[in-house]
There are 2 protein chains.
Amino acid sequence: MISTDLIKGSLKTIVLKLLKENGRMYGYEITRKVEELTAGQIKLTYGALYPILHKLEYEGVLVTESENYNNRIRVYYSLTDKGESVVAEKVKEMRQFIESLQNIVNPQPGFNHA
Amino acid sequence: MISTDLIKGSLKTIVLKLLKENGRMYGYEITRKVEELTAGQIKLTYGALYPILHKLEYEGVLVTESENYNNRIRVYYSLTDKGESVVAEKVKEMRQFIESLQNIVNPQPGFNHA
DNA sequence: TTCATATATTTAAGTAACTTATATATTGCA
DNA sequence: TGCAATATATAAGTTACTTAAATATATGAA
């Protein structure tokens, strides 16, 4: 598992990107998918996930549909139009972030300002 | 500028990796180097940097040498032996983190579990 | 049948890595 | 003379999380 400090700020972007790729998803499904995609390196706790989803819904980024499955409630989330543009921004920002981190952990050996 | 939420947890690793690459550095120099390497995308504030350096010194990860330059004090930091192994772990963890993020922002199109 | 595990969502309380603000002091350029 | 750059330090505040506790059904193993 990667330290939670490192992962912290990226959870919202991860959730939004998964919803973009997979259409609608419910909370539990999202945590499973994150584990799968990251080979268990990133785990989304429920205490983090559900407040994020509720907040994004409140902000108009997501909408919900509640359905009954095996006598259990499932709350499906999907992106609004606003959500689509929020994801685009967030993913762009994350790509820049990754690039910046790579410049630090894999520095160009010859690159040196006098 | 990348949002501070995204950057937060990675500052310590960034500082340590820069010290590994550049030998000894002083605080102000570190903030400049981070800006340079990330094309201004990541800025280390002094309120973040100095407490990180002090804590790492206290933990025996870094040692200091204070020197006088132009009547200004410069506090140079460098890695201890312990620091060298801490950096190795932290950088390894960050590479895994980057890989996990890439699996999310650049998913394999054909990859789908039934 | 009974117990653990997986499924599924919710929210309150606590932590800590930061940001923001403030303080101090010198150099150098316009 | 006055601002920007250089250089370090720390107190106070924010907030995105973690941890913990609550609730409830389905399913397979013992």
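First the proteins, then the strands, lettered A, B, ... as listed; each starts at 1.
Residue Glu59(B) contributes atom CD, which lies 13 Å from atom P of dA16(C) at whole-angstrom precision. In this structure, Lys90(B) places its NZ atom 9 Å from P of dA17(C), rounding to the nearest Å. Between the OH atom of Tyr69(B) and the P atom of dA5(D) there is a distance of 17 Å, given to the nearest Å. Atom pair Tyr28(A):OH and dT10(C):C1' shows a separation of 15 Å (rounding to whole Å applied). The distance between atom NZ of Lys12(A) and atom P of dT15(D), rounded to the nearest whole Å, is 11 Å. Distance Asn68(A) CG to dT25(D) C1': 11 Å, rounded to the nearest Å. Rounded to whole Å, the distance from CD on Glu67(A) to P on dA8(C) is 12 Å. What separates CG of Leu44(B) from C1' of dA17(C) is a distance of 13 Å, to the nearest Å.
Within 4.0 Å (heavy atoms only), Leu11(A) reaches sugar-phosphate atoms of the nucleic acid but no base atom. Residue Thr31(B) is out of contact with every strand shown, counting any heavy-atom pair closer than 4.0 Å. The residue Ser10(B) sits close only to the backbone: its heavy atoms come under 4.0 Å of sugar-phosphate atoms, none of a base.
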Contact letters for nucleotides 20-30 of chain C, in which S counts primed atoms plus P, OP1 and OP2 and B counts the base, heavy atoms under 4.0 Å = B-----BS---
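Near-neighbour residues of DNA chain C inside residues 49-57 of chain A, defined by a heavy atom below 4.0 Å, number-ordered: Tyr50(A), Pro51(A), His54(A).
Side-chain contact annotation: Tyr69(B) with Arg74(B), donor-acceptor N/O pair under 3.5 Å absent. Donor-acceptor pairing under 3.5 Å is recorded for the side chains of Glu57(A) and Thr64(A).
For the OP1/OP2 pair of dT6(D) and a distance below 4.0 Å, the side-chain nitrogens and oxygens of Arg32(B) include at least one atom meeting the criterion. The side chain of Tyr26(B) contributes no N or O atom lying less than 4.0 Å from OP1 or OP2 of dT8(D).
Rounded to the nearest 0.5 Å, atoms CE (Met1(A)) and CG (Leu6(A)) are 11.0 Å apart.
A salt bridge links Glu67(B) with Arg24(B); the closest basic N to acidic carboxylate O contact falls under 4.0 Å. With salt bridges taken as basic N to acidic carboxylate O contacts below 4.0 Å, none links Lys92(B) and Glu89(B). The pair Glu29(A)-Arg32(A) fails the salt-bridge criterion, with no side-chain N (NZ, NE, NH1 or NH2) lying under 4.0 Å from an Asp/Glu carboxylate O.
Side-chain atoms of Glu93(A) come within 3.5 Å of backbone atoms of Ser3(B) as a donor-acceptor pair (strictly under, hydrogens ignored).
With sequence neighbours left out, the side-chain contact (heavy atoms from CB on, under 4.5 Å) criterion links Lys20(A) to Leu79(A), Glu84(A), Val87(A).
Hydrophobic clustering of Ile, Leu, Val, Met, Phe, Trp and Tyr side chains at less than 4.5 Å, counting indirect connections, keeps Leu18(B) apart from Val63(B).
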